[in-house]
Amino acid sequence: MSLERDQASLSVHDRAVAETSDVLLAALERTNDAVVILDQDHRVTHFNAAAEQIWGRSRGEILGRAASVLGLKDIDGDQQAEFTIRRSDGSRLRVALSVSHAGSEGARHTIVLLRNITPELELRERLALHVMIADGTNRAVVIVDRDMKVVYVNATFAGMFGHRIEEAQGRQIGRAHV
């Protein structure tokens, strides 16, 4: 009787492990970040939908192939970095990369997480250009948020009103001391 109970317990436990694995794979598939998992020989064993979008390649083309076909080289240690990916159509994306390692059943796996940061970099460049233009004009420039608090003033504003940029930031616009 005890053997039957142990076997039933194992069956339930195995089912729970399988369900957990399915849930984890579904979560990896739905994340916005690209997830690439490599085996100990640096061959791709998992390539989620976000990875397909970033590289512009289907998982059918990638699974089982060497990580080098994705431009992933020198990823033996844990690391975080930014680098450029060349897509199959020739376009380029800037990505934030995080590499970590995990062991399972005596094998070492490499987990690579990537996030497309191209839009953020383009926004930063546009904002830097706006600041350069605002600082280059001989007119006072004041930018406020929704609550009419000062977010940015240019150097001309500081010169005209005698307030350092840091003093003006965060103050309510229209107050006598701004």
Side-chain angles (χ1 to χ4, degrees), residues 20 22-38 44 46-59 61-62 67 69-102 109-178:
T20 300
D22 290 344
V23 169
L24 290 174
L25 285 173
L28 288 176
E29 194 57 36
R30 286 171 177 79
T31 184
N32 292 329
D33 292 343
V35 179
V36 179
I37 300 176
L38 311 172
V44 179
H46 185 81
F47 194 75
N48 72 347
E52 288 180 309
Q53 285 185 321
I54 283 183
W55 271 281
R57 298 176 78 174
S58 73
R59 69 189 73 194
E61 293 176 71
I62 301 301
V69 302
L70 300 172
L72 299 174
K73 300 173 186 169
D74 302 322
I75 54 173
D76 287 324
D78 290 356
Q79 59 183 309
Q80 291 187 347
E82 288 184 10
F83 81 104
T84 301
I85 287 181
R86 174 177 236 136
R87 302 178 74 210
S88 59
D89 64 3
S91 63
R92 296 173 187 251
L93 292 178
R94 194 76 178 155
V95 295
L97 165 116
S98 176
V99 177
S100 58
H101 302 278
H109 299 277
T110 302
I111 303 163
V112 181
L113 303 175
L114 296 107
R115 185 172 49 87
N116 181 2
I117 60 171
T118 305
E120 294 168 30
L121 293 176
E122 290 171 350
L123 177 60
R124 265 192 256 158
E125 288 174 7
R126 284 197 314 272
L127 290 174
L129 182 59
H130 292 158
V131 167
M132 188 174 72
I133 291 167
D135 282 345
T137 184
N138 61 358
R139 297 181 183 254
V141 175
V142 179
I143 299 174
V144 296
D145 64 14
R146 291 181 188 161
D147 299 323
M148 300 302 288
K149 289 187 178 176
V150 175
V151 175
Y152 170 84
V153 297
N154 68 348
T156 303
F157 174 93
M160 289 174 76
F161 297 102
H163 295 288
R164 290 193 333 257
I165 294 169
E166 298 80 22
E167 292 174 331
Q169 287 177 336
R171 292 195 181 197
Q172 193 80 28
I173 194 74
R175 302 272 171 146
H177 38 281
V178 175

Separation between [atom1] of [X] and [atom2] of [Y], rounded to the nearest 0.5 Å:
X	Y	atom1	atom2	result
Q80	S98	CD	OG	4.5 Å
I173	D145	CD1	CG	10.5 Å
H101	I111	NE2	CD1	9.0 Å
H109	I37	NE2	CD1	8.5 Å
I62	L70	CD1	CG	4.5 Å

State whether the side chain of [X] and the backbone N or O of [Y] hold a donor-acceptor pair below 3.5 Å, judged by distance alone.
X	Y	value
N154	I133	no
N48	D33	yes
Q172	D147	yes
T156	T137	yes
E29	A49	yes
R87	R57	no

With a 4.5 Å limit on heavy-atom distance, are the side chains of [X] and [Y] in contact?
X	Y	result
L113	V35	yes
L72	V99	no
L114	W55	yes
V153	F161	no
F157	V141	no
H46	L25	yes

Q | V44 and its side chain to side chain contact (heavy atoms under 4.5 Å, CB included) partner, picked from T110, V112, L38 | A | L38

Q. Side chains of T118 and N116: is there a donor and an acceptor less than 3.5 Å apart?
A. yes

Minimum heavy-atom distance between [X] and [Y], given as atom pair plus value:
X	Y	answer
G56	S88	O-OG, 2.9 Å
Y152	A134	OH-CB, 3.7 Å
I165	A158	CG1-CB, 4.4 Å
A168	V150	O-CB, 3.2 Å

(Q) Just to verify, which of R94, R115, R126 counts as forming a salt bridge (Lys or Arg N to Asp or Glu O under 4.0 Å) with E120? (A) R115

Q) Does atom CG of D89 have more than 12 heavy-atom neighbours, drawn from other residues, nucleotides or ligands, at distances under 6.0 Å? A) yes

